[in-house]
Amino acid sequence: MPGRKNAYYPRPIMLDIKYIRENTEAVRKAIRDKGLSCDLDRLLAVDDRRRQIQQEADGLRGRSNELSSQVGLYKNPKSKWYQEAIAKGMSPEAIKAEGDALQAESASIKQRIKELEDEERATAEEFRALMLTVPQVPSAKTPIGRDASGNVEVRRVGEPRKFDFEPKDHVQLGTALGILDIERGVKLAGTRNYLLRGAGSLLHHAVLRLAMDTIIGRGFEPVTVPILVRDEMMYGTGYYPGGEEQAYRCERDEKSLVGTAEVSLTAMYGDEILDEDMLPVKLAAVSTCFRREAGAAGKDTYGIYRIHYFDKVEQVVLCRADEAESEKYHHEIIANAEAVLQALELPYRVMAVCTGDMGQGKVEMYDIETWMPSRGDYGETHSASRFGEFQARRLNLRYKGADKKTRFCHTLNNTVIASPRILIPILELYQNVDGSVTVPKALRAYMSGMERIEARG
RNA sequence: GGAGAGGUGGCUGAGUGGCUUAAAGCGACGGUUUGCUAAACCGUUGUACGGGCUAAUACCUGUACCGGGGGUUCGAAUCCCCCCCUCUCCGCCA
């Protein structure tokens with residue numbers, strides 16, 4: 001691992017300022033479509049001023065360097081210049097006088113440089129703050145809309161089950177079967193916590209194993225990653241600033257518990273330059289995910305839909321800076337997730353997420369929603385995003401191409417499976433009239449051949 | 001947690017205040033030679049942000065960068081302060 005350089009955060013880079021200068025209208029439209037506030041005109045003005053200051057300061061620094069090296073000659077009797085001057089008949093006193101004069105000029109330049117540096121600092125700070133608010137420009141395919149209601153269904157696979165009896169929800173089923181214990185979870189850790197027991201715990205591990213085996217079979221490298229990471233990684237992947245309230249942050253250590261292994265996987269090559277022939281890098285990790293769910297008070301409080309901790313298999317792709325390639329892998333990671341849902345024989349639909357619902361950093365985003373009988377609707381179980389170079393810029397994640405040029409990678413990620421949320425449709429759709437639950441065929445191998453979960457005697 | 005040693009270009013490694021635009025070597029790239037390979041010889045060599053000229057990420061040019069930040073000085077890789085990281089040993093612990 002190469003040493004970390006300029007390891008401060010947040011990194012000021014978002015989009016390329018040159019891109020913003022040259023594509024102002026596209027960025028302006030992105031701000032509008034994503035419903036964000038970002039003072040682009042102010043940003044451009046600050047950028048302008050920033051460059052003026054740099055020009056003046058650089059010029060003065062150049063002059064100052066020149067003076068310093070001259071003073072060095074005047075002050076050093078051993079220098080070639082000094083000896084030549086003496087040989088030409090200059091007196092040491094005359095030399096000293098000239099040297100002092102240069103020194104005086106240098107001092108006055110330094111004064112002006114100091115002023116400029118103060119202004120430079122202030123301008124850079126405002127510049128950075130403004131840059132942090134500039135959104136990634138969404139792809140042309142992205143539907144334009146204000147919120148989730150603007151999302152567009154792309155396709156629907158499988159049929160929601162029609163029951164010939166009154167179905168129970170996952171809490172009723174899981175509690176009666178003794179595989180889900182919300183009360184004791186709350187006793188241990190507060191609201192939005194739970195225990196999975198016996199076959200419930202087995203089922204949880206089985207879906208994770210199925211997901212891992214599926215994704216490994218599709219060429220992804222399994223990685224075990226830290227889930228308490230430096231805050232810098234949260235900035236790098238775009239969760240900070242803005243998402244601090246959603247994360248469990250360990251202030252003392254300036255580290256945060258990740259809400260997804262995407263953070264660790266995407267950031268793991270940060271500050272490195274990869275060889276182009278290493279790409280694409282395809283990684284997958286299973287990790288526990290922690291979410292404070294601040295601002296969601298009272299929302300989805302029932303059951304295990306929205307909870308403070310869960311386990312998730314996440315897939316991440318780092319690829320070349322090529323729009324078509326990035327789109328190709330986006331389709332691939334969505335297909336990977338669909339393969340798992342199809343193996344589990346769960347009905348789902350794929351939604352194109354609209355501009356207002358997709359988040360600042362994303363170029364294109366699709367959610368997969370799985371049918372959940374208790375909600376009488378599809379519920380989000382997967383989220384597939386591509387970021388262009390947004391995350392790579394913040395992480396300083398680059399590659400060297402065959403043409404010797406260094407570029408920022410493109411990054412993408414998607415859920416493979418998240419449990420226990422996925423247990424909601426599994427329990428509810430595989431329930432039997434007697435309250436037992438049939439184990440999906442694809443999971444039986446991971447549960448010692450168990451075919452049916454029944455209440456314990 | 002305690003004690004010590006260190007952080008210099010892709011890598012190794014010189015450099016304790018100014019003719020240092022960071023030596024030298026390795027590697028990489030280009031070229032010459034060569035039946036091919038190898039060897040030899042010659043040349044090139046990073047990043048970021050600006051400016052000029054542009055079809056250009058080509059070329060010319062400025063500044064900054066020797067772990068990070070601050071200080072002393074006309075001038076800092078070099079001196080001072082704070083922080084971070086790595087390594088070694090000890091302690092504690094899963």
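Chain identifiers are assigned alphabetically (A, B, ...) following the order of the sequence lines, protein sequences preceding nucleic acid strands; residue numbering begins at 1 within each chain.
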A/Lys141 vs A/Glu327, salt bridge (Lys or Arg N to Asp or Glu O under 4.0 Å): CA-CA, chis, key distance, verdict: CA-CA 11 Å; A/Lys141 280 192 236 168; A/Glu327 274 192 88; 2.4 Å; yes
Output a table of nitrogen or oxygen pairs between the protein and nucleotides 53-60 of chain B separated by less than 3.5 Å.
| residue | atom | partner | partner atom | Å |
| --- | --- | --- | --- | --- |
| B/U57 | O2' | A/Lys405 | NZ | 3.3 |

Report the base-pairing partner of B/C53 (Watson-Crick or G-U wobble, both distances below 3.5 angstrom), or none. none
Base versus backbone protein contacts along nucleotides 77-86 of chain B [heavy-atom cut-off under 4.0 Å; B, S, -]: ----------
Need one value for A/Arg63: base, sugar-phosphate or nothing, where a base atom within 4.0 Å counts as base even if backbone is also close, heavy atoms only. nothing
A/Glu125 CD: over 12 foreign heavy atoms closer than 6.0 Å: no
Taking the minimum atom-to-atom distance to the side chain of A/Lys400, which one of B/G62, B/U47, B/G50 wins? B/U47
Given B/C49, is OP1 or OP2 found less than 4.0 Å from the side-chain N or O atoms of A/Arg61? no
Any strand, both distances under 3.5 Å, Watson-Crick or G-U wobble: B/G17 pairs with none
Taking NZ from A/Lys18 and P from B/C49, how many angstroms apart are they, rounded to a whole number? 6 Å
Atom CG of A/Asp58 and atom P of B/G50: how far apart are they, to the nearest Å? 11 Å
Does A/His330 have its ring centroid less than 6.0 Å away from the ring centroid of A/Tyr366? yes
Angle between ring planes, A/Tyr194 versus A/Tyr309, binned at 30° and 60°: parallel, tilted or perpendicular? parallel
Would you measure the distance from the C1' atom in B/U44 across to the matching atom in B/A5 and give it in whole Å? 38 Å
Whole-Å distance between B/G62 P and A/Ile109 CD1? 17 Å
Nearest whole angstrom, please: distance from the P of B/C29 to the CG of A/Asp275. 12 Å
Let me know the distance between CZ of A/Phe127 and P of B/C49, rounded to the nearest Å. 10 Å
Whole-Å distance separating the CE atom of A/Met131 from the C1' atom of B/A48: 14 Å
With a 3.5 Å limit on both atom pairs, tell me what B/U33 is paired to, counting Watson-Crick and G-U wobble, or say none. none
Quick one: on RNA chain B, does A/Ile17 or A/Gly62 contact a more 5' nucleotide (nearest heavy atom)? A/Ile17
Give the rounded distance in Å between these two atoms: CZ of A/Arg50 and C1' of B/A48. 11 Å
The contact string for nucleotides 70-75 of chain B, one letter per nucleotide 5' to 3', using protein heavy atoms under 4.0 Å with B, S and - for base, sugar-phosphate only and none, comes out as S--BBS
Applying the 3.5 Å cut-off to both distances, the Watson-Crick or G-U partner of B/G1 turns out to be B/C90
Give A/Gln55 one of three labels, base, sugar-phosphate or nothing, depending on what nucleic acid heavy atoms sit under 4.0 Å from its own. sugar-phosphate
Do any N or O atoms from the side chain of A/Arg192 and from the backbone of A/Arg306 form a donor-acceptor pair under 3.5 angstrom? yes
Regarding A/Arg50 and the six-membered ring of A/Phe127, is the cationic atom NZ or CZ under 6.0 Å from the ring centre and inside 45° of its axis? yes
Can you confirm whether the side chains of A/Thr411 and A/Gln391 place a donor and an acceptor under 3.5 Å from each other? yes
Just call it for A/Asn65: base, sugar-phosphate, or nothing, with non-hydrogen atoms closer than 4.0 Å on any strand. sugar-phosphate
Using the closest heavy atom to pick a nucleotide of RNA chain B for each, name whichever of A/Arg51 or A/Ile273 lands nearer the 5' end. A/Ile273
For B/A24, give the paired nucleotide (Watson-Crick: N1-N3 plus N6-O4 or O6-N4; G-U: N1-O2 and O6-N3; both under 3.5 Å), or none. B/U12
Using atom CD of A/Glu120 as one end and atom P of B/A48 as the other, report the distance to the nearest whole Å. 19 Å
Out of A/Gln54, A/Glu119, A/Glu126, which one pairs with A/Arg49 under the side-chain hydrogen bond (donor to acceptor under 3.5 Å, both in side chains) rule? A/Glu119
